[in-house]
Amino acid sequence: MGRYNPKVAEPRWRQRWDEAESFVVRDTADSAAAPRPKYYVLEMFPYPSGRIHIGHVRNYTMGDVVARFKRAQGFDVLHPMGWDAFGMPAENAAMEKGVHPKGWTYDNIAAMRTPLKQLGLSIDWTREFATCDPDYYGQEQKIFLDLYRRGLAYRREGVVNWDPVDMTVLANEQVIDGRGWRSGALVEKRKLTQWFLRITAYADDLIDSLQTLDRWPEKVRLMQENWIGRSQGLKFHFTTTSGAPAGFDAIEVYTTRPDTLFGASFVGVAADHPLAVALAAQNPDIAEFVAKCRQGGASEVEIEVGEKLGMPTGVSVRHPFQPEIELPVWIANFILMDYGTGAIFGCPAHDQRDLDFARKYDLPVRPVVLPPGAEASRFAVADEAYVGPGKLYNSQFLDGLGIEEAKRAAIARIEAQGQGQGATVYRLRDWGVSRQRYWGCPIPMIHCPSCGVVPVPDSDLPVLLPDDVQFDRPGNPLLRHPTWRHVACPTCGSPAERETDTFDTFVDSSWYFARFASPHSKDPVDRASADKWLPVDQYIGGVEHAVLHLLYARFFTRALKEQGWVGVKEPFAGLFTQGMVTHETYRAPSDGRWLSPAELEARPGGGFVVVETGEAVEACGVEKMSKSKKNVVAPEDIFEQYGVDATRLFVMSDSPPERDVQWSTAGVEGAWRLIQRIWAEFDAQPDGPFRAPDLSADGLGLRRATHRLAAQVTEAVSAFRFNLAVARMHEMMAALRAHPAEGASPSHLAARHEALSYLARLIAPFTPHLAEECWARLGEQGMVVDAPWPEADPSLTEDDEAVLAVQVNGKRRGEIRAARGLADAQIEAVALADADVQRHLEGLVVRKVIVVKDRIVNIVAVPKSPD
RNA sequence: GCCGCCUUAGCUCAGUGGUAGAGCGCAUCCUUGGUAAGGCUGAGGUCGACAGUUCAAUCCUGUCAGGCGGCACCA
């Protein structure tokens, strides 16, 4: 008799798993012979910041529960781990602390590997790699050259988002509310020559295939769909009639509402539009306005205010359907150069922005869509544009048509006139991947003065990062390196220069899941291994990657497939996005500074006091754990105090996994107690052997509880409802307590043995160390990790007698017991005979009786009529 | 502004068209050779508000309120 001591038990079992190589995947050798189906579980790999946090613990425990569960169910499971190791923080550390990014990164990896291994994850560590390993990024360069040869990578000058703090370019996706996603600095617009990946080539497939991803959260699919932002419309040109500079005979616009063309009252162009630029060169007023728009666009303030600003250009264009009508061309601040054609026609009656603009500059508002039930002579648009359904009017050949018909008719007419055609436009833009940084994968290109851009030959790969670099000032150290960039042109041999930009780190994470299939292959991916393991069956990570990483990875997988490296186009068949770990925050009432939980002491009767000062403190809200709010807990400390299993168990309980879970000391203590209670039941069990469980005797109730538990845990884990599984384990403890070992009959003991044997295997995905200890205590063969998942006996999961509630007019009035599946008429009779029910039926006439099998009886009764 | 999610016990949250649940907290009691602990029992609920569908609504539908998240001059 004794308490379960995780400090002793946990390291012992980890060592046993290591020695047995329990989690090493036997890859190609048995892939043909083994009949086991494969299952690839992957959690989003971590950035090696140097410490793990509770969020990691939750993420990796979820994956581990799935991996161990599938393993026990007989799947050949791949569950690898790696490091997303390139990126800015390493360079920041280099600048701040004078350490080399490489050393800093690998030290951090080592520091994080220890607690991750301590978690007892069923990971095949032989497949571990970091994206900053030359072996990995060399393969990435190979992939990039494939993309380049296939025209999916190209270089062009473009207006880019420049982060002045990180001194680098950011992708559109990395700009959030006008600020850099990492630095938080206001992003500026700059013109630079950049490498781009042609993700837009797959826009349609990326959007259309979303519906095949039926094991992805609806929310994420919706976010991707919105991000790609496909719209159908019409691209056409207006011919200019007067005032246009040379070369501007026409202005091309894009619209999704060609039906409203007869309501057009102006044409607008973006401040960056070539026409605006050309006019600015001649006209100082226009130049000033254009400059103001550019600033405004960056400042974001104008957008918040929503004020529409415009400047007439003096240019006029002809209406395509009404040659007698000319429309003025304006430059307007609400038109974006990088969407559509950077020019629009304004129909104020049916577009709120155009209406705001028209009211401000006193332009005509001409309604052309009549809402259902409205009268043409009286309908007018005031301050709100009409965007609803209706019939066209004031529109010549479109009159009387519905909106969709009118769109088709207008497009057909424009096409017939040769002035344009129907078009699909996307919000998604090509992915700019150049970063002016050192700690990233070098882009394997060479700039030759005579040959131009030349790819590094395959035989010269990988292009390695030089180690001898200085971080004494901001900017890219590769540019300043004395020798690294100077190289002979592979084509002509004359002096040339290497590309000094490196890849966006999202490139690194766009294919790592494929590399795990064959982490040591000489090629990026070994096709046979990829065919065996891909796609990832269950991917698990934070919802913050719903757009960026997941979209890039889907794009990369398509590109890899076309190159023949892999056979699938969707990388992740199943996706689960887990919630965050939160914690209460506390701040001192006196000076408002944040206090860490360690500085506080619980006060009897609720609330906390500061240990040092005795000052009373109230909790001020539950928030995501962050250093700034001091509401963090270090996983290592929790492991030390409660053990790894209690930590794992707690992060899996309480909250459904897709939701946030609130960390609390009480919660871990609850998990700790459950572990102790489980162990106590195993500890109390006398040594066997026991004869086969006897159905006739007092063990039946326990056997039912056991098999119900097996069924429930299996279902809960399959459905990612880990918290439910834990709740059922709590309930199981009540059943075990009701059937104590002490003084038990042999059949009773046998039923207990079965219960414990099942329980050890059912808890194994959650608390694997405890499970092994329990398994061994029971005297079972081998380790739990190699034991098959327990099957529930269907004949034991259901009681043969059901308890039915009896309602009278929808209110519960009594309870009856009846054999399962008993005929409705018989149940009705029993229910009506029940004393409680009889009492409630006094003075009533039964109108109808509804019997729901094995669940409930509802008696509908009305008062007796007086006669 | 648009889209999505949430609102159930003091707290954190499960759950179901048919008998309202768990953990923690709280109270009472037991144990004091599992003891920086263990256990029994109990109190505590208009299931956010209103309306509808139904024999029956916490659950389905609609409207509203409050909270959270994503997107946002995307033509």
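Proteins come first, then strands; the chains are lettered A, B, ... in the order of their sequence lines, and each starts at number 1.
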Undergrad: Rounded to the nearest Å, what distance is computed from the CZ atom of residue Arg221(A) to the P atom of nucleotide rC5(B)?
TA: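 My rounded result for the distance is 13 Å.
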
Undergrad: What residues in residues 720-728 of chain A put a non-hydrogen atom under 4.0 Å from any atom of RNA chain B?
TA: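 Going residue by residue through residues 720-728 of chain A, the ones with a heavy atom under 4.0 Å of RNA chain B turn out to be Arg721(A), Leu724(A).
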
Undergrad: Using a cut-off of under 3.5 Å, enumerate the N/O to N/O pairs linking the protein to nucleotides 61-63 of chain B.
TA:
none

Undergrad: Given that both distances must come in under 3.5 Å, which nucleotide forms a Watson-Crick or G-U wobble pair with rG44(B)?
TA: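 Its partner: none found.
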
Undergrad: Under a 3.5 Å limit for both distances, which nucleotide forms a Watson-Crick or G-U wobble pair with rU58(B), could you say?
TA: none

Undergrad: Got a sec: does the CD of Glu252(A) have more than 12 other heavy atoms crowding it under 6.0 Å?
TA: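 Check passes, neighbour count above 12.
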
Undergrad: What does rC2(B) pair with, Watson-Crick or G-U, if both distances are under 3.5 Å?
TA: rG70(B)

Undergrad: Any strand is fair game: report the nucleotide pairing with rU63(B) by Watson-Crick or G-U wobble, both distances under 3.5 Å, or none.
TA: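 Base partner found: rA49(B).
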
Undergrad: Measure from CG on Leu428(A) to P on rA72(B) and round the result to the nearest Å.
TA: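 It works out to 13 Å between those atoms.
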
Undergrad: Determine the Euclidean distance between corresponding C1' atoms of rA9(B) and rU58(B); express it in Å to zero decimal places.
TA: 14 Å

Undergrad: Using a 4.0 Å heavy-atom cut-off across all strands, classify Leu674(A) as base, sugar-phosphate, or nothing.
TA: nothing

Undergrad: With under 30° as parallel and over 60° as perpendicular, where do the rings of Tyr361(A) and Trp330(A) fit, or are they tilted in between?
TA: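 Aromatic pair Tyr361(A)/Trp330(A) classed tilted.
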
Undergrad: Are Glu640(A) and Lys7(A) within salt-bridge range, i.e. N to O under 4.0 Å?
TA: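 Judged by the 4.0 Å cut-off on N to carboxylate O distance, Glu640(A) and Lys7(A) do form a salt bridge.
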
Undergrad: Rounded off to whole Å, could you give me the CZ-to-P distance for the Arg257(A) and rC74(B) pair?
TA: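 Value for this atom pair: 14 Å.
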
Undergrad: Taking atom P of rC3(B) as reference, at what distance in whole Å does atom CE of Met223(A) sit?
TA: 16 Å

Undergrad: Considering only atom C1', compute the distance from rA14(B) to rA20(B) and round it to an integer number of Å.
TA: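 11 Å, rounded to whole Å.
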
Undergrad: Rounded to the nearest angstrom, tell me the gap between atom NE2 in His350(A) and atom C1' in rC73(B).
TA: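 These atoms are roughly 19 Å apart.
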
Undergrad: Round to the nearest Å and state the distance from Glu225(A) atom CD to rC3(B) atom C1'.
TA: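 In whole Å, rC3(B) C1' lies 11 Å from Glu225(A) CD.
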
Undergrad: Quick check on RNA chain B: between Trp672(A) and Glu669(A), whose nearest nucleotide comes earlier from the 5' end?
TA: Glu669(A)

Undergrad: Specify the separation, in whole Å, of atom CZ of Arg677(A) and atom P of rA37(B).
TA: 13 Å

Undergrad: Only one of Leu261(A), Asp259(A), Thr260(A) passes side-chain contact (heavy atoms from CB on, under 4.5 Å) with Val368(A); say which it is.
TA: Thr260(A)

Undergrad: Apply side-chain contact (heavy atoms from CB on, under 4.5 Å) to Pro258(A) and list each qualifying residue two or more places apart in sequence or on a separate chain.
TA: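 Pro258(A): side-chain contact (heavy atoms from CB on, under 4.5 Å) contacts with Leu234(A), Thr255(A), Lys407(A), Ala410(A), Ile411(A).
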
Undergrad: Do the side chain of Lys308(A) and the base of rC73(B) come within less than 3.5 angstrom through a donor-acceptor pair of N or O atoms?
TA: yes

Undergrad: Verify ring pair (Phe, Tyr, Trp, His ring centres under 6.0 Å) between Phe357(A) and Phe266(A), making sure each step is shown before the conclusion.
TA: CA-CA 10 Å; Phe357(A) 191 76; Phe266(A) 66 96; 5.1 Å; yes

Undergrad: Side-chain N or O of Tyr254(A) less than 4.0 angstrom from OP1 or OP2 on rA75(B)?
TA: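 No, because none of the side-chain N or O atoms of Tyr254(A) sits under 4.0 Å from OP1 or OP2 of rA75(B).
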
Undergrad: I want to verify a distance call: between rG38(B), rA75(B), rA72(B), whose nearest atom is closest to the Arg427(A) side chain?
TA: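 Of the options given, the side chain of Arg427(A) lies nearest rA72(B).
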
Undergrad: Roughly how many Å is it from CZ in Phe345(A) to C1' in rC73(B), rounded to a whole number?
TA: 17 Å

Undergrad: Nearest to the side chain of Leu222(A) - rC3(B), rA75(B), rG70(B)?
TA: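 Nearest listed nucleotide: rC3(B).
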
Undergrad: In terms of ring plane angle, is the pair Phe238(A) and Phe236(A) parallel, tilted or perpendicular, where the classes change at 30° and 60°?
TA: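 Phe238(A) and Phe236(A): tilted rings.
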
Undergrad: Syn or anti: how is rG34(B) classified when any glycosidic angle within 90° of 0 counts as syn?
TA: syn

Undergrad: Work out how far the P atom of rC60(B) is from that of rU7(B), and round it to whole angstrom.
TA: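 Nearest-Å result for rC60(B) against rU7(B) at atom P: 11 Å.
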
Undergrad: Write down the distance separating the C1' atoms in rU53(B) and rA75(B), rounded off to the nearest Å.
TA: 42 Å

Undergrad: Can you tell which of rG23(B), rG38(B), rC73(B) lies closest to the side chain of Arg673(A)?
TA: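 Shortest atom-to-atom distance from the side chain points to rG38(B).
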
Undergrad: Please give the distance between the P atoms of rG66(B) and rC29(B) as a whole number of Å.
TA: 47 Å

Undergrad: With rounding to the closest Å, how many angstrom separate the C1' atoms on rA57(B) and rU8(B)?
TA: 14 Å

Undergrad: Locate the shortest heavy-atom distance separating Gly542(A) from Gln578(A); write the atom from each residue and the value.
TA: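 Minimum heavy-atom separation between Gly542(A) and Gln578(A): N-OE1, 3.5 Å.
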
Undergrad: Using the P atom in both, what is the distance from rU54(B) to rG69(B), to the nearest Å?
TA: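 Per the computed distance, 40 Å lies between those P atoms.
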
Undergrad: Does rG23(B) have a Watson-Crick or wobble partner in any strand here, with both distances under 3.5 angstrom, and which is it?
TA: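 Base-paired to rC11(B).
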
Undergrad: Which whole number of Å gives the distance between the P atom of rG45(B) and that of rC6(B)?
TA: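 So the two P atoms sit 26 Å from each other.
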
Undergrad: Provide the closest heavy-atom pair for Gly346(A) versus Asp354(A) in the form atom of the first, atom of the second, distance.
TA: CA-OD2, 3.3 Å

Undergrad: Run the salt-bridge test on Arg257(A) and Asp351(A) with the 4.0 Å N-O cut-off and return the result as yes or no.
TA: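 Asp351(A) and Arg257(A): not salt-bridged.
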
Undergrad: Would you name the heavy atoms of Ala271(A) and Ala276(A) that are closest together and state the gap between them?
TA: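 Scanning both residues completely, I find the closest heavy atoms to be O-CB, 3.5 Å.
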
Undergrad: Parallel under 30°, tilted from 30 to 60°, perpendicular over 60°: which one fits the rings of Tyr339(A) and Tyr254(A)?
TA: perpendicular

